[in-house]
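Here the structure is laid out as structure tokens; the discussion comes afterwards.
All residue numbers in this chain count up from 1 along the given sequence. Owing to the predicted nature of the structure, the values given are computational and were not obtained by experimental measurement. No hydrogens, no waters, no symmetry mates; every other heavy atom, side chains included, goes into these values.
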Amino acid sequence: MSESRTGAPHTDEQPTGEPPMGASQPPLQPPRRIIPPPAIASRGEVAPRGDVVRDVGVVIVAGGSGSRTGSTELKQFRWVSGKPALLHSVQAFMARPDVAVVVVVLPKAYAADPPPWLFQCDVDRLLVSVGGAERHESVVNGLEDLPEEVVVAVVHDAARPLVTDETIDRVIAEARRGHGAIAALPVVDTLKEVDDDGRIVRTVDRTRLWRAQTPQAFPRQLLEEAHIAAQRDRVGATDDAALLERLGHPVVVVRGSERGMKITEEADFARAEALSILRE
């Protein structure tokens, strides 16, 4: 089991310093109940009495250091369009009544004492988990904290703060059909393969190529199976869909959004600010 998780305790003082690297995590354990399964009317599967079951669990991966932005502040904590980048994603998923819990995976140095603004949302549906040394380890830590009633698991990068409701709807709808789904956009630029000296080797056919984004949604059982197999085989991946693909599980692409861009470098903050004021 990874470091202990916390739901809401915090202080007004934000810790500083780079988060230490975590150790490899043990295999997934059976999920434990975190919160009771309330039910309210809105999107999601309809219960016999007409209410909507909260059966979606969200893992927001916010464990990166953000070193490529050149800032000492974590990029997921920096403000974009009026609020911290991470808060955009947390509130977007909590706006869905079918979401049982949002697990935010933070670097170890911040997980024990998250920034106070993180609690400007439904703290009853918020959990904080400790990030691992690699992205897939952070996802595993988040999956361990999903309550038993969760049947659809969604993974999202905190570095994509402008995720749209329509994109979230699409990936969850596909996951409810029993397979994985990722948000993505078709490649529109001409692609060139080059050698070590920068010489063009060939032009790559872009017809069937898509740029993967998050959120990515899966039947919870399939995602856990994929991560257990990856830990066993010592395999990593830059996204969760790749782990299902290697086991032969189907994963489909749904239309993402340019607003789903990933903040990686300093210039991306200005681009995100510009996109935030544009309509789809």
When rounded to the nearest 0.5 Å, the distance separating CH2 of Trp79 from CD of Glu73 is 10.5 Å
If you measure from the Lys or Arg side-chain nitrogens to the Asp or Glu carboxylate oxygens, is any gap between Arg271 and Glu258 under 4.0 Å?
yes
Heavy-atom check, side chain of Met261 versus side chain of Gln213, under 4.5 Å
no
Side-chain heavy atoms of Val59 within contact of His156, under 4.5 Å
no
Are the charged groups of Asp98 and Arg176 less than 4.0 angstrom apart, N to O?
yes
Pair Glu225-His249, side chain to side chain donor-acceptor pair (under 3.5 Å): steps then yes or no
CA-CA 10 Å; Glu225 175 189 336; His249 295 309; 3.2 Å; yes
Is it true that a side-chain atom of Arg255 and a backbone atom of Leu185 form a donor plus acceptor pair closer than 3.5 Å?
no
Looking at Arg220 and Glu224, does any basic side-chain N land under 4.0 Å from a carboxylate oxygen?
yes
Examine distances only and state if a side-chain atom of Asp165 and a backbone atom of Ile168 form a donor-acceptor pair shorter than 3.5 Å.
no
Going by distance alone, is a donor N or O of one side chain under 3.5 Å from an acceptor N or O of the other, for Lys83 and Gln91?
yes
Residues Thr164 and Ser257: closest non-hydrogen pair is CG2-OG, 4.0 Å
For Phe77 together with Trp117, are the ring centres under 6.0 Å from each other?
yes
Using a strict 4.0 Å threshold on nitrogen-to-oxygen distance, state whether Glu265 and Lys75 make a salt bridge.
no
salt_bridge(Asp157, Arg135) N-O dist < 4.0 Å
yes
Rounded to the nearest 0.5 Å, what's the gap from CG on Leu118 to CG on Asp113? Could you check?
11.0 Å
Spell out, as yes or no, whether a donor-acceptor pair under 3.5 Å connects the side chain of Gln76 to the backbone of Ala62.
yes
Taking the side chain as every heavy atom from C-beta outward, state whether Arg96 and Asp169 have any pair of such atoms under 4.5 Å apart.
yes
Any donor-acceptor pair under 3.5 Å linking the side chain of Asn141 with the backbone of Val130?
yes
In terms of heavy-atom contacts, does CD of Gln221 have more than 12 from other residues, nucleotides or ligands at under 6.0 Å?
no
Indicate yes or no: at least one non-hydrogen side-chain atom of His227 is less than 4.5 angstrom from one of Arg232.
no
Looking only at the side chains, is there a donor atom on one of His136 and Gln231 sitting less than 3.5 Å from an acceptor on the other?
no
CG/Asp196: more than 12 non-hydrogen atoms of other groups inside 6.0 Å
no
When rounded to the nearest 0.5 angstrom, what distance separates CZ in Arg160 from NZ in Lys262?
6.0 Å
